[in-house]
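Given the structure is predicted, the values throughout are model-derived calculations rather than measurements. Counting convention: from 1, in listed order, for ligands and their atoms alike.
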Amino acid sequence: MKDFKSDFPIFRNNPWIVFFDNAASTQKPSYVIDGIKNFMENDYANIHRWAYSLSERSESLYEKSKEKVKEFINASHASEINYTYNSTYALNMVSLSLKRSWMLKRWDKVLLSIVEHHANIVPWLILKEEIWIEIDYVKVDESFGLDLSDLKNKLTSDVKVVSLTYVSNVTWQIFDLKGASEIIRWSGKDIMFIIDWSQAIPHFKIDVQDLDCDFLFFTGHKVMAETWIGVLYWKREILKELIPAFWWGWAINWVKKDEFKASGLPHRFEPGTPNIIGAVSLLKALEYIESIGWYEKIEENENMLMNHFLEKYEKIRDKVKLIWSDKSLNRVWVFTFAADWIHPTDIADILAENDICVRAWHHCAEPFMDHCDLKTTLRASIYLYNTKEDIDRFFEVFERILNEI
Ligand SMILES: Cc1ncc(COP(=O)(O)O)c(C=O)c1O
């Protein structure tokens with residue numbers, strides 16, 4: 001098994017740290033860090049309307065980054081890829097643009113699932129307040145999978161948007177979005193299908209054409225790129241009809257004192273100077289995944305770690321419950337623990353004193369936590385650079401805490 005850890009300088013500089021907070025944000029390999037440094041030292045300049053080669057080179061890397069994303073998600077054209085700042089920003093851009101374009105109006109309904117992250121709830125709640133749209137939530141089944149029959153029942157004629165995560169950041173179940181897509185399309189209704197790929201991008205590839213989604217978004221920092229770079233894929237046909245939520249800078253073709261003309265696609269959805277360095281970091285992060293043998297290598301490593309984690313968990317399973325279903329193993333290998341006799345934030349604090357980084361709280365999925373009557377949980381999220389030794393250290397301290405308290 002390859003030692004991926006040595007590709008990540010942060011672990012050379014902090015060898016004692018066990019980093020299990022990867023679902024919040026991932027560490028960066030030298031390939032990304034050196035790639036950004038090299039770009040800034042050799043090729044950086046502002047892009048668009050260039051008359052000199054530095055700007056040309058900078059723009060060509062910006063566009064190459066979009067080409068790489070296009071390949072990764074199998075979009076039909078790079079102009080369907082827009083850069084935003086993160087997933088939260090992307091969904092706000094979508095919801096506000098739909099409102100501005102009158103594609104969402106009073107009494108139109110948006111269907112979400114009960115496990116959604118706040119990023120895929122709050123922008124809709126804002127529209128509920130502003131223009132009185134309706135919101136409803138699709139249930140999950142006993143294995144935490146998306147309840148497809150509930151989805152089917154809830155597809156009433158007022159539903160205009162179905163917006164679903166691919167992977168829940170609490171249960172870690174992978175939703176059957178191919179099944180959801182088929183139900184949505186076979187209904188024959190004019191429904192926009194949106195996918196939150198934020199927790200899937202670190203672990204597996206997606207095919208937007210196969211899933212036939214209208215929008216898809218993710219955030220770069222969860223897949224080893226910088227923060228403040230996000231991706232928003234929009235199907236070309238929809239893009240042509242949409243009026244962007246924000247206009248300025250590069251989104252504009254010309255401006256007179258009393259009027260302006262919008263620029264073409266995709267620039268009209270990227271107002272102002274974009275995060276060029278972030279775009280290059282995303283290019284490098286996706287190239288890194290290719291260079292290590294694609295997602296298959298990540299999966300291979302994660303499966304090995306998952307088996308080790310579950311073996312260790314056996315010893316403490318009476319004391320702390322995993323939010324987990326044995327009935328379905330169609331999941332990503334992140335572990336969320338629930339304990340009602342001790343506050344998970346206290347466990348996280350003691351783990352932190354032992355240089356073990358985990359996350360405790362509601363993970364920005366409060367409707368689901370309420371639904372399960374949970375206040376706080378503890379999340380240990382593993383990624384490709386973690387090792388069996390990390391897992392051993394985590395359980396050594398975790399077990400001690402559970403025995404002592
Ligand atoms: C499922 C899901 N969607 C959206 C987000 C929001 O990502 P960002 O904070 O980068 O906008 C997260 C972050 O944890 C997430 O887990």
Sequence neighbours excluded, every pair satisfying side-chain hydrogen bond (donor to acceptor under 3.5 Å, both in side chains) that has a member inside residues 96-105
K99-E130
Are the side chains of F193 and S181 in touch, meaning some heavy atoms are under 4.5 Å apart?
yes
We want to know whether T84 and N86 form a side-chain donor-acceptor pair, criterion being a heavy-atom distance below 3.5 angstrom.
no
Is the count of non-hydrogen atoms from other residues, nucleotides or ligands lying under 6.0 Å from K189 atom NZ greater than 12?
yes
Non-hydrogen atoms closer than 4.0 Å to ligand 1: which protein residues do they belong to? List them by chain and number, please.
N86, S87, T88, H117, A119, T165, N169, D196, S198, Q199, T219, H221, K222
Ring pair (Phe, Tyr, Trp, His ring centres under 6.0 Å) partners of H77, counting only residues at least two apart:
none
Checking K70 now: which residues fulfil side chain to side chain contact (heavy atoms under 4.5 Å, CB included) with it, not counting sequence neighbours?
E67, A75, A78, I81
